[in-house]
Protein chains: 2
Amino acid sequence: MQRTAAQEAEALFIRRWGEMAAGWGISRTMAEIHALLYLTTEPLCMDDMMERLQISRGNASMNLRQLVNWGLIQRIHHRGDRREYFTAETNVWQMFETIIRERRRREVEPIVETLERCQAMVAAELKTLKGKHREDAEIQLQRFRGILDFFAAMNGLSNAVFRLGPRGLATAAKLLQHA
Amino acid sequence: MQRTAAQEAEALFIRRWGEMAAGWGISRTMAEIHALLYLTTEPLCMDDMMERLQISRGNASMNLRQLVNWGLIQRIHHRGDRREYFTAETNVWQMFETIIRERRRREVEPIVETLERCQAMVAAELKTLKGKHREDAEIQLQRFRGILDFFAAMNGLSNAVFRLGPRGLATAAKLLQHA
DNA sequence: TGATAGTTTCAAATGGTTCTGAAATCAACA
DNA sequence: TGTTGATTTCAGAACCATTTGAAACTATCA
């Protein structure tokens, strides 16, 4: 059976999307399922995906659940069909916002909290310190502040871009060209 | 021996920084070494770090090399001392730019290349297709384009922000507030 | 050139994550 | 409520990246 260009392109994209995701701490399979749904117009059921990606039922189930939790795909029920179907968000802009918000919540917030605690700990001890020790503590505080400031600025920027909506990125880039 | 707040804060930050990095596809140890150097004013040698982080010589060597490759830390030689010392970039802004550029080069560029190939493959076949097949192929092309456009906009924005320099992020966010 | 301190390399071990497959559970319908 | 088909769970298997430690290598100095 001759494969069409569309089929080959699909396979190629799915593979690469999975590889890229793996480099960003997202499981290859989760990304592959997402890629498959992103490219497909009709909703797919679990068996479709197991067949297409050659994965086990358990694996499919776990990763589908995660994708739903992230808000990147949706469950769909067809009347008169007991199976569940899934579709992906196809608005890339929306996808991006979802991913950024989730990762911020899961990974950035904990480190910000830690940094604030570190700052507080050292600041509390600062007045009891003298000489070299005091200088060192002050430098350490600067370092913590450096990262905190960065994250704050990053949040500000991403919120501003989100606020601009779907064309936000391009608009923002254009605006900044002339800044 | 009583630990100072500064020492505890250091340990806490190093641990969390490593955990965060692990969630982003960067090895825990690499990030811990980086965190240690980021907080320390004097350059450290390999043995200092092995001791401090409880890691083997080989591990330290490999990760130090990677960090140097990324451009996040520098080798330093002290006259009359055969050992190599290392320091980290402490300008968070610069750090950020370095990381974004590296990851773009390593992870984003390959997927962009793949997407362009996918597009080309499908586009070439498009004129031979009719009816439903043609519609499907057109939708697939839209999906590929969607991601490509997104990456292009993202590149544009990050370049614009880089161009603004150290205060770029904050400036950009402020500008966009009023857009 | 030999001796020594320092660094890199690499095969093997480890540890942690992901995946499988079958049993348990759940939900819809008669 | 029982039957059936779909989904979830989970213990063990498989897999992969990281780490170790020792040997090889390199550079410096006497």
Side-chain angles (χ1 to χ4, degrees), chain A residues 14-37 43-70 73-87 103 106-107, chain B residues 14-37 43-70 73-87 103 106-107:
Chain A
I14 290 173
R15 207 174 326 127
R16 264 275 195 280
W17 195 246
E19 282 164 11
M20 182 177 77
W24 289 84
I26 289 162
S27 104
R28 177 192 266 54
T29 304
M30 182 166 149
E32 287 191 348
I33 292 177
H34 176 256
L36 177 56
L37 289 171
L44 300 179
C45 71
M46 212 159 83
D47 293 77
D48 294 336
M49 299 188 249
M50 287 164 58
E51 154 80 25
R52 189 67 192 47
L53 302 175
Q54 293 292 305
I55 57 176
S56 72
R57 190 169 296 285
N59 195 6
S61 173
M62 296 217 344
N63 283 292
L64 283 169
R65 178 223 290 271
Q66 272 212 286
L67 282 165
V68 171
N69 277 347
W70 274 69
I73 69 175
Q74 276 186 305
R75 296 191 132 84
I76 288 191
H77 295 277
H78 281 159
R79 192 163 306 285
D81 186 339
R82 191 175 294 186
R83 276 172 302 186
E84 286 188 312
Y85 289 78
F86 298 87
T87 39
R103 300 212 77 158
R106 293 167 196 229
E107 278 122 26
Chain B
I14 289 173
R15 207 174 327 127
R16 264 271 195 283
W17 195 244
E19 282 163 11
M20 182 176 78
W24 289 84
I26 288 161
S27 105
R28 178 193 262 55
T29 305
M30 183 166 148
E32 287 190 350
I33 292 176
H34 176 254
L36 176 57
L37 288 172
L44 301 179
C45 70
M46 210 157 83
D47 293 77
D48 294 335
M49 300 189 246
M50 287 164 57
E51 153 81 23
R52 199 60 219 306
L53 302 174
Q54 293 293 304
I55 57 176
S56 72
R57 188 169 296 284
N59 195 5
S61 172
M62 295 215 351
N63 282 293
L64 284 169
R65 178 224 290 268
Q66 272 210 287
L67 283 165
V68 170
N69 278 346
W70 274 69
I73 68 175
Q74 276 186 305
R75 298 191 130 83
I76 288 191
H77 294 277
H78 281 159
R79 192 163 307 285
D81 187 340
R82 189 176 297 186
R83 277 172 302 185
E84 286 187 312
Y85 289 79
F86 298 86
T87 39
R103 300 213 76 158
R106 293 168 198 229
E107 280 123 24

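Computed over heavy atoms, backbone and side chain alike; hydrogens, waters and symmetry mates excluded. Lettering of chains follows the sequences in order, A, B, ..., and the numbering in each one begins at 1. Computed from a predicted model, the values in this text were never measured in an experiment.
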(message) For a quick test of reading the model, state the closest non-hydrogen atom pair linking A:Phe86 to A:Arg75 and the distance between them.
(response) CE2-CG, 3.8 Å
(request) Quickly work out the B:Leu64 CG to C:dT8 P distance and round it to whole Å. (result) 8 Å
(message) Just to be sure I understand the rule, does A:Ser61 reach a base, reach only the sugar-phosphate, or reach nothing, if contact means heavy atoms closer than 4.0 Å?
(response) base
(request) From the options D:dT28, D:dC10, C:dT8, select the nucleotide whose nearest atom is closest to the side chain of B:Arg75. (result) C:dT8
(message) I need the residues from residues 51-58 of chain B with at least one non-hydrogen atom less than 4.0 Å from DNA chain D; give them sorted by number, or say none.
(response) B:Gln54, B:Ile55, B:Ser56, B:Gly58
(request) Working to the nearest 0.5 Å, report the span between CZ of B:Arg83 and CE of B:Met46. (result) 11.0 Å
(message) Could you tell me how far apart A:Glu84 (CD) and D:dT7 (C1') are, to the nearest whole angstrom?
(response) 7 Å
(message) Check the orientation of B:His78 and B:Tyr85. Use parallel for under 30°, tilted for 30 to 60°, and perpendicular for over 60°.
(response) tilted
(request) Rounded off to whole Å, could you give me the CD1-to-P distance for the B:Ile26 and D:dT18 pair? (result) 11 Å
(message) D:dT18, OP1 or OP2 - any side-chain N/O from B:Asn59 closer than 4.0 Å?
(response) no
(message) Please report the interatomic distance NE2(B:His34) to CH2(B:Trp70), rounded to the nearest 0.5 Å.
(response) 11.0 Å
(message) Taking side chain to side chain contact (heavy atoms under 4.5 Å, CB included) as the criterion, tell me which of A:Leu44, A:Ile33, A:Leu36 meets it with A:Arg52.
(response) A:Leu36
(message) From CD1 of A:Ile76 over to P of D:dT7, roughly how many Å is that when rounded to an integer?
(response) 14 Å
(message) Can you tell me if A:Thr29 touches the phosphate of C:dC19, counting only side-chain N or O atoms and a distance under 4.0 Å to OP1 or OP2?
(response) yes
(request) Compare the minimum distances between each of D:dT7, C:dT7, D:dG5 and the side chain of A:Arg82, then state the nucleotide with the smallest one. (result) D:dG5
(request) Give the rounded distance in Å between these two atoms: CZ of A:Arg83 and P of C:dC29. (result) 14 Å
(request) Return no unless some side-chain N or O of A:Asn63 is found under 4.0 Å from OP1 or OP2 of C:dC19. (result) yes
(request) Let me know the distance between CE of B:Met50 and P of D:dT20, rounded to the nearest Å. (result) 9 Å
(message) Can you measure B:Met62 atom CE to C:dC10 atom P for me and round it to whole angstrom units?
(response) 11 Å
(request) Would you kindly give the CE-to-C1' distance between B:Met30 and D:dT19, to the nearest whole Å? (result) 16 Å
